[in-house]
Amino acid sequence: MEIIKTDNNSAYKQYELLLLERDALLKEADEYLTLYIHEFGDLLVEKFKLEVTIISTKKSIAFCQVRENRGERINLSELNDFIDIEMNGYNELLKQMVKDNENCRQLEHISKEDNLKIKKLYRKLARQLHPDLNPELQKEPWFADLWTRISTAYKCADLKELEDLVILANAALTAVGVDNTKISIPDITERSEQLQSEINKIITTEPYSYKNILVDPIAKNELKHELRSEIKQYELYLERLRSVLTGYLMTGVIP
């Protein structure tokens with residue numbers, strides 16, 4: 001069954017509100033993730049670096065154990081090549097984590113006034129061009145590209161870009177003579193239920209749930225203490241592993 005949007009269509013209105021709420025919560029989740037990294041990023045990176053080093057050292061020990069069991073000397077070049085291959089994925093994750101942390105160091109504050117303007121502009125644009133509200137428009141490449149720009153500007157909180165996009169959207173809709181009073185959305189009840197499920201999942205899982213820590217000074221301090229404690233434990237564990245690895249390498253190594 002198809003539902004036709006009209007000014008008094010409660011099913012469409014509910015769907016629209018849920019859609020806008022879902023998008024707003026996703027944006028908030030991204031913001032909480034950025035704030036979380038800004039607050040704990042240095043400790044998280046330090047901890048992950050140790051985890052990667054521990055994994056690398058354990059793999060090196062395993063390599064040496066295999067050679068010893070075979071009665072072979074350890075070829076240092078082969079060991080290094082082996083570790084480079086085995087640790088490639090971990091090192092890429094570490095690079096991305098360091099990059100994200102550096103980006104969040106440059107966190108810019110957005111005023112409440114600008115934030116309200118951004119939300120208002122996005123709601124206006126979403127009602128006009130959101131793919132789930134206006135699927136027919138998205139068949140046109142130009143409108144699809146325009147929506148991509150809108151989504152990116154909204155996530156990046158780029159007020160100036162959104163203001164420009166409002167002008168572009170109005171001009172484009174006027175040019176094609178789009179009638180926004182009648183829009184066909186099949187299975188709208190099921191879609192609304194799915195959106196509600198998505199909303200419930202967003203607000204009860206990470207990164208949105210980071211909000212509970214970020215607004216609580218005691219929780220923030222407890223997490224920092226926990227991370228520092230884990231880092232200390234990793235340092236001690238790594239020291240023991242390196243001692244074991246050194247023992248293998250001192251028995252005979254081929255450069």
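Side-chain atoms are counted along with the backbone in the values below, which use heavy atoms only and exclude waters and symmetry mates.
Here E28 does not pair with K211 in a salt bridge; the nearest charged N to carboxylate O distance is not below 4.0 Å. Salt-bridge check for K99 with E102: failed, with every basic side-chain N at 4.0 Å or more from each acidic carboxylate O. Salt bridge E198/K201: absent, no basic N to carboxylate O contact under 4.0 Å. Under the 4.0 Å criterion applied to side-chain N and carboxylate O atoms, D23 and K27 are not assigned as salt-bridge partners.
The shortest non-hydrogen separation linking L18 to S192 is CD1-O, 3.5 Å. Closest non-hydrogen pair, P207 versus A29, comes out as CG-O, 3.5 Å. Contact detail for H38 and C104: the closest heavy-atom pair is CD2-O, 2.8 Å. Among all heavy-atom pairs drawn from L133 and A126, the shortest one is CD1-O, 3.5 Å. Considering every non-hydrogen atom in both I213 and F40, the closest pair reads CG2-CZ, 3.9 Å.
Residue I218 qualifies as open at atom CD1: its count of foreign heavy atoms under 6.0 Å is 12 or below.
Going from atom CG of L249 over to atom CD1 of I74 covers 5.5 Å, rounded to the nearest 0.5 Å. Within the model, atoms CG of L121 and CG of L165 stand 9.5 Å from one another, a figure rounded to the nearest 0.5 Å.
With contacts defined as side-chain heavy-atom distances shorter than 4.5 Å, the pair K124/N170 qualifies. For the pair L116 and K120, the minimum side-chain heavy-atom distance is 4.5 Å or more. Looking only at side-chain heavy atoms (C-beta outward), L20 and R127 come within less than 4.5 Å of each other. Counting only heavy atoms from C-beta outward, the side chains of I199 and Q196 approach each other to under 4.5 Å. Two residues are said to be in side-chain contact when any heavy atoms from C-beta on lie closer than 4.5 Å; D81 and E78 fail this criterion. D100 places a side-chain heavy atom less than 4.5 Å from the side chain of Q96. Between E235 and E239, every side-chain heavy-atom pair lies at or beyond the 4.5 Å cut-off.
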Show me the donor-acceptor pairs within less than 3.5 Å that the side chains of residues 42-64 make with the rest of the protein, sequence neighbours left out.
{"unit_1": "D42", "atom_1": "OD1", "unit_2": "N101", "atom_2": "ND2", "d": "3.0"}
{"unit_1": "K47", "atom_1": "NZ", "unit_2": "E230", "atom_2": "OE1", "d": "2.6"}
{"unit_1": "E51", "atom_1": "OE2", "unit_2": "Y234", "atom_2": "OH", "d": "3.2"}
{"unit_1": "T53", "atom_1": "OG1", "unit_2": "K49", "atom_2": "O", "d": "2.8"}
{"unit_1": "T57", "atom_1": "OG1", "unit_2": "T53", "atom_2": "O", "d": "2.7"}
{"unit_1": "K59", "atom_1": "NZ", "unit_2": "E86", "atom_2": "OE1", "d": "3.0"}
{"unit_1": "S60", "atom_1": "OG", "unit_2": "S56", "atom_2": "O", "d": "3.0"}

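Ring planes of Y210 and Y36: parallel class, angle under 30° (limits at 30 and 60°). Using cut-offs of 30° and 60° for the angle between ring planes, the Y122 and W147 rings count as tilted.
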